[in-house]
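What follows is a single structure, written as structure tokens, with notes after it.
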Amino acid sequence: MRVVQWSTGNVGRWALRGIIDHPALELAGVWVSNPAKDGRDAGELAGVDPIGIRATTDAAQLVAAKPDCVVYTAMADNRLNEAIDDLCLLLRAGINVVASGPVFLSYPEGTVPPELIEPVRQAAAEGGSSLWVNGIDPGWANDWLPLLLSGTCQRIDLIRCSEITDYSTYDNPLVLFDIMGFGTPPDHTPLLLQAGVLTLAWGSVVRQLAAALDVPLDSVVEHHERYPAPTPFTAAGRTIAEGTMAALRFTVSGMIADQPVLVLEHVTRLRPDLAPDWPQPVGTGCYRVEITGEPNYVLDLRLTGGDGDHNTAGVASTAMRLVNAVPAVVDAPPGLLTALDLPLTTGRGLVSVPGRSASRNR
């Protein structure tokens, strides 16, 4: 299948490398927003050997090439309308898309107003194409992981899906400081903590679990709390001043009456010793699924990249969740897909065999 990689940032570089190495995929082009990357070899941008395919800033050229699928990893959090326009352009042209955002499109029903969804549905209908938005969170860590575990339960009273992570090595200053608000004073409200934004982003997780488990929710509520830096320190290349936000905990909860039954939680620190009373990870960062019922479960998923860093692993897994799903999305009926519409995605064809090159692009 001919695939175009759309952007080469944190997630995009990993996705590009994944496409190059994937035995079922052929890289058909790379779109970049930075003019300094225009014309550079895709292999160089992915951190591997040159492969003879040049990146371009010309979106029309790539759309005209009619690839089977685009892996869309461009930032959407702070450019929502532009991202929706990009997706509609590709879908209307008959090109299937797997994307890392906007995250609410992973399961938008009941989460966002119809006017944000209908243009995407209409574009997919016009082009006869499919869109799937996913990753690891929202994504695999809080869709298939808890659902697989739920299949061994006799009774479920509460499901809690948590990300518990030290973000000090996460290489995305825009997300850390502008969107999440680390290093800002207590009276500042960053984008993520504005009323309704947490539910817009992660309400999709709660609604999708509810749909899969046939749970009639009465409401979805959000809550957050911040922890100040006790002294100045440096994290992610910046000085975090005393008294500014250094750790963040939030929940988005699906409620029946006044009881939470499905909970998405994030516990994010810029230093491991901060907020010691909050949930602690296995290692330096993990995803956790807790089921209260019969039986009770606590499942910890510890991530480690090849460089030993958990944030590297999180970015890589987000990218590969998309790349490995390309064949299933291409084969799926047209429309806006959710994880509930697709078969279980595996790493088929990715096991290293000595003496054999898996890639079709090298």
Closest non-hydrogen atom pair, Ile84 against Leu105: CD1-CD1, 4.1 Å
Atom of Leu213, atom of Ser150 and distance for their closest heavy-atom approach: CD2-OG, 3.7 Å
Spacing of Leu62 atom CG and Leu90 atom CG [to the nearest 0.5 Å]: 9.0 Å
Minimum heavy-atom distance Pro230-Leu274, with the two atoms named: CD-CD2, 3.6 Å
Among Val11, Val4, Ile19, the one residue meeting side-chain contact (heavy atoms from CB on, under 4.5 Å) with Val71: Ile19
Atom pair CG/CG of Leu192 and Asp77 - distance to nearest 0.5 Å: 8.5 Å
Non-hydrogen side-chain atoms of Leu174 and Asn78 separated by less than 4.5 Å: yes
Interatomic spacing from CG in Leu80 to CG in Asp85 - rounded to 0.5 Å: 9.5 Å
Side chain to side chain contact (heavy atoms under 4.5 Å, CB included) evaluation trace for Met75 with Asn172: CA-CA 11 Å; Met75 173 64 74; Asn172 196 325; 3.9 Å; yes
Aromatic ring pairing His266/Phe250, orientation class (parallel under 30°, perpendicular over 60°, tilted between): parallel
Flag, side chain of Lys66 to backbone of Ala93, donor-acceptor distance under 3.5 Å: yes
Pair Thr169-Asn311, side chain to side chain donor-acceptor pair (under 3.5 Å): steps then yes or no: CA-CA 7 Å; Thr169 60; Asn311 283 310; 2.7 Å; yes
Contact list for residues 126-139, test salt bridge (charged side-chain N to carboxylate O under 4.0 Å, His left out), sequence neighbours left out: Arg92-Glu126
No-hydrogen, no-angle side-chain donor-acceptor test under 3.5 Å, Thr165 and Tyr170: no
Neighbour count above 12 (heavy atom, 6.0 Å) for Arg79 CZ: yes
Any side-chain heavy-atom pair of Tyr297 and Thr152 under 4.5 Å: yes
Asp41 side chain near Arg54 side chain, heavy-atom distance below 4.5 Å: yes
Leu191-Met180 co-clustered via ILVMFWY side chain contacts under 4.5 Å: yes
Single-linkage hydrophobic cluster Val221~Leu158, side-chain heavy atoms < 4.5 angstrom: no
Contact summary for Pro327 and Val323, nearest pair of heavy atoms: CD-O, 4.2 Å
Criterion side-chain contact (heavy atoms from CB on, under 4.5 Å) against Leu209, the qualifying member of Leu340, Leu264, Leu217, Leu147: Leu147
Interatomic distance, Trp278 atom CH2 to Ser162 atom OG [nearest 0.5 angstrom]: 13.0 Å
Qualifying salt bridge (charged side-chain N to carboxylate O under 4.0 Å, His left out) pairs, either residue in residues 269-293, two or more places apart: Arg271-Asp273, Arg288-Asp300
Cluster overlap Leu87 with Trp132, hydrophobic side-chain contacts below 4.5 Å: no
Full working for salt bridge (charged side-chain N to carboxylate O under 4.0 Å, His left out) between Arg207 and Glu109: CA-CA 7 Å; Arg207 296 285 186 186; Glu109 300 298 335; over 6 Å; no
Between CG on residue Asp309 and OG1 on residue Thr304, distance to nearest 0.5 Å: 8.5 Å
Same cluster (ILVMFWY, side-chain, under 4.5 Å), Leu25 and Val330: yes
Spatial distance of atom CE (Met245) from atom NE2 (His188) [nearest 0.5 Å]: 9.0 Å
Asn134 side chain reached by Trp144 side chain, heavy atoms, under 4.5 Å: no
Donor on one side chain, acceptor on other, Thr73 and Ser7, under 3.5 Å: yes
Thr111 side chain to Ser204 side chain, donor-acceptor N/O pair below 3.5 angstrom: no
Non-hydrogen side-chain atoms of Trp202 and Pro138 separated by less than 4.5 Å: yes
Side-chain heavy-atom pair Leu248, Arg226 within 4.5 angstrom cut-off: yes
Shared hydrophobic cluster, Tyr107 / Val120 (ILVMFWY, side-chain heavy atoms < 4.5 Å): no
Heavy-atom closest pair, residues Cys69 and Val98: SG-N, 4.0 Å
Exercise: identify the closest heavy-atom pair between Leu303 and Ser317: CD2-OG, 4.1 Å
Worked check of side chain to side chain contact (heavy atoms under 4.5 Å, CB included) between Leu270 and Tyr227: CA-CA 10 Å; Leu270 292 186; Tyr227 189 92; over 6 Å; no
Test item: Tyr72 and Leu131 side chains (from C-beta on) under 4.5 Å apart, heavy atoms: no
Listed partners of Asp143 passing salt bridge (charged side-chain N to carboxylate O under 4.0 Å, His left out), at least two apart: Arg321
Under 3.5 Å: donor-acceptor pair, side chain of Asn142, backbone of Gly139: yes
Close side-chain approach of Pro50 to Glu44, heavy-atom, < 4.5 Å: no
Side chain to side chain contact (heavy atoms under 4.5 Å, CB included) evaluation trace for Leu262 with Ser253: CA-CA 6 Å; Leu262 302 169; Ser253 303; over 6 Å; no
Leu45/Arg13 under side chain to side chain contact (heavy atoms under 4.5 Å, CB included): CA gap, chis, key distance, verdict: CA-CA 7 Å; Leu45 293 175; Arg13 287 194 300 271; 5.9 Å; no
